[in-house]
Trainee: 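First the structure, which I've put down as structure tokens, then a few questions once you've had a look.
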Amino acid sequence: MSQGEKLKISRRCFMKASALTLTASVAGSVNPVNSAGLQVKKEIVDSTVRSYRSFCGMCVNSCGLVARVKDGVVKRLEPMLDFPKSRGMLCARGQAGIQELYSPDRLKKPLLRKGKRGEGKWQELSWDEALDIAAHKLKEIGEKYTRCGWWFSVGADTQSRFVKRFAEVFGSYNLADHESLCFQSRNRGFMDTFGEVPFPDVANCKYLILAGANRFESLITPDSIDLMQAIKNGTRLIVLDPRRTKTAAMAHEWYSIRPGTDMAFVLALMHVITQERLYDPVKIKQTAFGLEQLTKHVKPYTPAWAEQECGIPAGKIARIARQLAAAAPQAMMYPGRRSSTYINSTETWRSFAILNGLLCNFDQPGGLVASNQPFRLKSGNSYTAPWYDDNPEDRADAEMAPLMMEDGAVLTLREVVLTGKPYPVKGLFTYHTNLLQTTPERRKTFAMLDKLDFFICVDIKMSDTAWMADLVLPSCSYLERQDPLQVLKSSLGPCVIQRDPVVSPRFESRPVFEMVKGMAERLDLGEFFNFTIEDYRKNQVAHLPGVKEILDKQAYYHVPQNPYGVYSNKSLKTLSGKVELYNQRYEKKGLPPIPVYTPPTSKKGMFRVVIGRNAYYTNTNTQDNPVLNEILSDNPLWIHPRPAQKLGIKDGDHIVVSSKVGEVKSRARLTKDVREDVVFMYSGFGNVSKMLTIVGNRGASVADILESHWDQITGNAALHETFVQVRKA
Ligand SMILES: Nc1nc2c(c(=O)[nH]1)N[C@H]1C(S)=C(S)[C@@H](COP(=O)(O)OP(=O)(O)OC[C@H]3O[C@@H](n4cnc5c(=O)[nH]c(N)nc54)[C@H](O)[C@@H]3O)O[C@H]1N2
Ligand SMILES: Nc1nc2c(c(=O)[nH]1)N[C@H]1C(S)=C(S)[C@@H](COP(=O)(O)OP(=O)(O)OC[C@H]3O[C@@H](n4cnc5c(=O)[nH]c(N)nc54)[C@H](O)[C@@H]3O)O[C@H]1N2
Ligand code: SF4
Ligand SMILES: [Mo]
């Protein structure tokens, strides 16, 4: 049966079921095979079970789901088979959303700190009391230090926009997004080369290099699904990773690259491609700027030179360059995701972008697809933020890196709080982010909290961050709330999703929208939140007749358009209007117009710490989930048997891992899946919160030992710049 036929069947089945009751016969006929070829368990669903279409919120991907609800209780979460971005995939975390919803660790009421910070003494509050206190503190600190004395920090969530809106109308410019701990360097590197951050058309790519992107564990839809299919269809996959990840295990070639040397590898690929003129001579003239300068620049970067840096044999580098060029434009250096890695990550990612430019794969099938497509949602409720005369001129961390993104960065803002420079920041509001675990050098984050006058944290659980706050506000989860419409962008083109609650909020939890609305009303800013989410959503699609009806029926709207050739009659949004192999803007800023390689440092007798993900946890956030924690309940340190033996360390031994900034106790996991000069650890363990009863304080927090470094161009955190010593405990 073709994919199209499968989708038709599942859609038809859903239409029958969309009266929201599902009879046994209908459920039995739902196609049980999803697109990844996995068997979806069949179950006889009785007539009292209601089915709701919604979107997973266990990570950023927002995969489609169908919730089976009986007597107001979610019984099962299943994949939405017809949703194009996730195509019948709901991963382990997605299915464990039930245990997140019904977790015994959910926050129940607003809480005010009573004892010392971190002591765990709380007073329960009513919502009115809590919002009165929040508004009072916002005002008090705003009056004493200007409104920019507040820093707002948000995670990856649809409702983060309301916190940003609140920050703007309240009058603070100090806003940081999780992006400054995640992919800002990557975005900078691609944006400054292509004028936008394109998406990889993995499904149609024939030759794919993944460097530091673990698509079979760090899931990104549709890329992870497309990659599986592409491999089956014959795509050649090359993986560079200092660890043998699940993705590395699936690759045709895996190179355990020396950390921080990917740019050397890429410069050498470009050396071969330019010296041997393996690019398309006509297309490169039409689409790229600076070929001559690039050719000259990469001349010294030979494969033999690169081998000395990255450890990949010169002959293999040259062969990969030729194969890559031969497969172009259906070939790519994958544009990646997390780039919170090294202090020169922007330059590394810019070299990846330039290599794609050389392959002329932009706006082409099997290459990079334009993200800047004409489709737009309208503003749900437009506004002009008030002007506050006494505010400082700019964001507090604006000068801390030369090409920062529009929002501030977590690490640089933490520095501002600690130093009080350029001006005091004394209030912190966090939403959906666990800064105590996701920001390196935890002792500095603790020290920063001591400098604050007040800290408000919105979370669903008593995360480490909530545990250290003054006021904790319980948020409802993605299964309990209505969200604004969101456009999910990918190589498939834009997809609009409408998330509605499948059950009512547990306890007294609320969406953050209602919290900021309540605070705004108390601060005479109510006019900026004088709408409902449904009004907001209707406005978002007011210019698209019929789309709201489609959304109400199937919960998503996939915008029909050809993803290729978006720029066929248009210039790119770069200075030259073309792909910038040579960047004149960088030159004007005194930065290298083409990335220049600087070798990473290494320290004798020490290991570089590297972090990364697995398929069961989202960042530091689902380790407290009972079913996921059962799969993986600790985070021992990965260490290669050879150096371990030299240190007298055996598998399972208690060990101490120490860096310049901290020390943790852990256990050794001896494995050849990691390089000899690297150690690796999962995140989100070693919690200080005593109200995460499932994960507890098991394991160690890598945030205790990671040093504070950031990318020299964007201020994006650089989490792989720490060296540690390991000894037997
Ligand atoms: N040590 C370490 N640090 C890292 C990383 C790492 O792997 N290890 N990864 C980096 C990357 S790529 C990223 S993107 C960042 C992510 O960093 P963060 O944005 O801090 O993300 P999470 O660790 O996912 O923490 C999410 C928090 O939101 C809460 N939460 C979950 N659902 C809801 C909800 O519906 N409402 C509310 N209000 N709260 C909710 C969770 O309980 C948790 O406290 O971390 C970066 N830093
Ligand atoms: N299951 C799951 N899926 C997720 C997430 C999750 O937490 N869990 N988080 C989502 C988020 S927020 C993000 S940003 C993405 C992250 O997805 P990815 O970008 O794939 O990031 P990581 O898994 O953090 O790290 C990728 C790999 O880089 C390797 N590495 C370290 N140093 C180097 C180096 O110098 N060179 C090379 N070539 N490799 C290196 C690490 O060993 C690691 O395996 O995943 C998303 N998807
Ligand atoms: S990848 Fe998994 S956790 Fe993330 S949205 Fe999809 S199903 Fe949910
Ligand atoms: Mo991320």
Side-chain angles (χ1 to χ4, degrees), residues 55-65 77 79-80 83 85-86 89-97 100-101 103 105-107 153-160 163 176-184 186 218-221 224-225 337-341 410-411 430-440 442 457-467 473-481 483 488 509-512 515 609-625 628 635 681-687 689 692 701-706 716-717 719:
F55 299 89
C56 183
M58 295 288 280
C59 88
V60 290
N61 284 308
S62 301
C63 300
L65 63 80
L77 296 173
M80 188 193 284
F83 183 54
K85 186 169 175 279
S86 53
M89 197 281 293
L90 195 68
C91 79
R93 294 167 296 152
Q95 300 192 34
E100 210 64 21
L101 171 66
S103 168
D105 290 347
R106 282 287 296 272
L107 289 166
S153 220
V154 297
D157 183 76
T158 326
Q159 293 221 5
S160 291
V163 178
D177 204 300
H178 83 287
E179 291 177 8
S180 69
L181 295 167
C182 179
F183 52 46
Q184 281 187 343
R186 189 256 339 220
S218 312
L219 303 182
I220 299 289
T221 51
S224 300
I225 303 169
R337 188 75 174 193
R338 183 169 72 85
S339 62
S340 48
T341 45
V410 169
L411 271 187
T430 62
Y431 171 67
H432 202 301
T433 184
N434 190 10
L435 297 185
L436 257 299
Q437 282 282 10
T438 52
T439 311
R442 212 150 57 144
C457 173
V458 184
D459 206 300
I460 54 168
K461 284 184 181 174
M462 192 63 93
S463 63
D464 272 9
T465 305
W467 182 255
L473 302 177
S475 179
C476 53
S477 73
Y478 66 99
L479 292 168
E480 301 163 302
R481 60 169 209 245
D483 274 345
L488 303 179
S509 65
R510 285 186 181 182
V512 79
M515 300 180 207
V609 184
V610 152
I611 59 165
R613 286 143 171 74
N614 59 64
Y616 319 115
Y617 294 139
T618 299
N619 306 325
T620 67
N621 147 8
T622 58
Q623 285 75 349
D624 191 56
N625 182 297
L628 298 174
N635 67 335
M681 192 187 252
Y682 289 127
S683 303
F685 288 87
N687 287 284
S689 167
L692 296 172
S701 173
V702 74
D704 278 329
I705 51 172
L706 292 180
N716 194 168
L719 304 174

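The figures that follow rest on heavy atoms only: side chains count, while hydrogens, waters and symmetry mates do not. Note that ligands are numbered from 1 as they come in the structure, with each ligand's atoms numbered from 1 the same way.
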Trainee: Among protein heavy atoms, which lies nearest atom 2 (Fe) of ligand 3, and at what distance?
Mentor: Cys91 SG, 2.3 Å

Trainee: State the atoms of ligand 3, each with its element, that fall below the 4.0 Å cut-off from a heavy-atom position in Met58.
Mentor: 3 (S)

Trainee: Is Arg106 close to Ser477 at the side-chain level, that is, under 4.5 Å between some pair of heavy atoms?
Mentor: yes

Trainee: Tell me which part of Ala92 gets within contact of ligand 3: side chain, backbone, both or neither, using heavy atoms under 4.0 Å.
Mentor: neither

Trainee: Taking the side chain from Thr620 and the backbone from Ser683, do they hold a donor-acceptor pair closer than 3.5 Å?
Mentor: no

Trainee: For atom OH of Tyr616, is the number of surrounding heavy atoms from other residues, nucleotides or ligands below 6.0 Å larger than 12?
Mentor: no

Trainee: Check whether any side-chain N or O of Asp177 sits under 3.5 Å from a backbone N or O of Glu179 as a donor-acceptor pair, and report yes or no.
Mentor: yes

Trainee: Can you list the steps and then say if Asn434 with Thr465 is a side chain to side chain donor-acceptor pair (under 3.5 Å)?
Mentor: CA-CA 5 Å; Asn434 190 10; Thr465 305; 2.5 Å; yes

Trainee: Under 2.8 Å from atom 4 (Fe) of ligand 3, can any N, O or S atom of Cys59 be found?
Mentor: yes

Trainee: Can you pull every nitrogen or oxygen pair between ligand 1 and the protein closer than 3.5 angstrom?
Mentor:
unit_1: ligand 1; atom_1: 1 (N); unit_2: Gln437; atom_2: O; d: 3.4
unit_1: ligand 1; atom_1: 1 (N); unit_2: Ser683; atom_2: OG; d: 3.2
unit_1: ligand 1; atom_1: 3 (N); unit_2: Thr438; atom_2: O; d: 3.4
unit_1: ligand 1; atom_1: 7 (O); unit_2: Arg613; atom_2: NH1; d: 3.3
unit_1: ligand 1; atom_1: 8 (N); unit_2: Ser683; atom_2: OG; d: 2.7
unit_1: ligand 1; atom_1: 9 (N); unit_2: Arg613; atom_2: NH2; d: 3.1
unit_1: ligand 1; atom_1: 19 (O); unit_2: Thr433; atom_2: OG1; d: 3.1
unit_1: ligand 1; atom_1: 20 (O); unit_2: Thr433; atom_2: OG1; d: 2.8
unit_1: ligand 1; atom_1: 20 (O); unit_2: Asn434; atom_2: N; d: 2.7
unit_1: ligand 1; atom_1: 20 (O); unit_2: Thr438; atom_2: OG1; d: 2.9
unit_1: ligand 1; atom_1: 23 (O); unit_2: Thr620; atom_2: N; d: 3.0
unit_1: ligand 1; atom_1: 23 (O); unit_2: Thr620; atom_2: OG1; d: 2.6
unit_1: ligand 1; atom_1: 24 (O); unit_2: Asn619; atom_2: ND2; d: 3.2
unit_1: ligand 1; atom_1: 24 (O); unit_2: Asn621; atom_2: ND2; d: 3.3
unit_1: ligand 1; atom_1: 28 (O); unit_2: His432; atom_2: ND1; d: 3.4
unit_1: ligand 1; atom_1: 32 (N); unit_2: His432; atom_2: NE2; d: 3.4
unit_1: ligand 1; atom_1: 35 (O); unit_2: Arg481; atom_2: NH1; d: 3.4
unit_1: ligand 1; atom_1: 36 (N); unit_2: Ser475; atom_2: OG; d: 3.3
unit_1: ligand 1; atom_1: 38 (N); unit_2: Val458; atom_2: O; d: 3.4
unit_1: ligand 1; atom_1: 38 (N); unit_2: Ser475; atom_2: OG; d: 3.1
unit_1: ligand 1; atom_1: 42 (O); unit_2: Asp459; atom_2: OD1; d: 2.7
unit_1: ligand 1; atom_1: 44 (O); unit_2: Asp459; atom_2: OD2; d: 2.7
unit_1: ligand 1; atom_1: 47 (N); unit_2: Thr438; atom_2: O; d: 2.9

Trainee: In this structure, does ligand 3 have an atom that sits under 4.0 Å from one of the heavy atoms of Ser62?
Mentor: yes

Trainee: Please list, in number order, the atoms of ligand 3 under 4.0 Å from a heavy atom of Leu90.
Mentor: 7 (S)

Trainee: If you define the side chain from C-beta out and look only at heavy atoms, does anything of Phe55 sit under 4.5 Å from Leu65?
Mentor: no

Trainee: Just wondering, do Ser153 and Leu435 contact through their side chains at under 4.5 Å, heavy atoms?
Mentor: yes

Trainee: Using modelled atom types only, decide if a donor and an acceptor are shared between the side chain of Ser180 and the backbone of Val410 within a distance under 3.5 Å.
Mentor: yes

Trainee: Got Tyr431 and Gln159 here, is their nearest side-chain heavy-atom distance under 4.5 Å?
Mentor: yes

Trainee: Starting from the C-alpha separation in whole Å, work towards a yes-or-no answer on side chain to side chain donor-acceptor pair (under 3.5 Å) for Arg93 and Thr618.
Mentor: CA-CA 8 Å; Arg93 294 167 296 152; Thr618 299; 2.7 Å; yes

Trainee: Suppose we only count N/O/S atoms under 2.8 Å; would Cys56 qualify as near atom 8 (Fe) of ligand 3?
Mentor: yes

Trainee: Any N/O/S atom from Cys63 (main chain or side chain) under 2.8 Å of atom 2 (Fe) of ligand 3?
Mentor: no

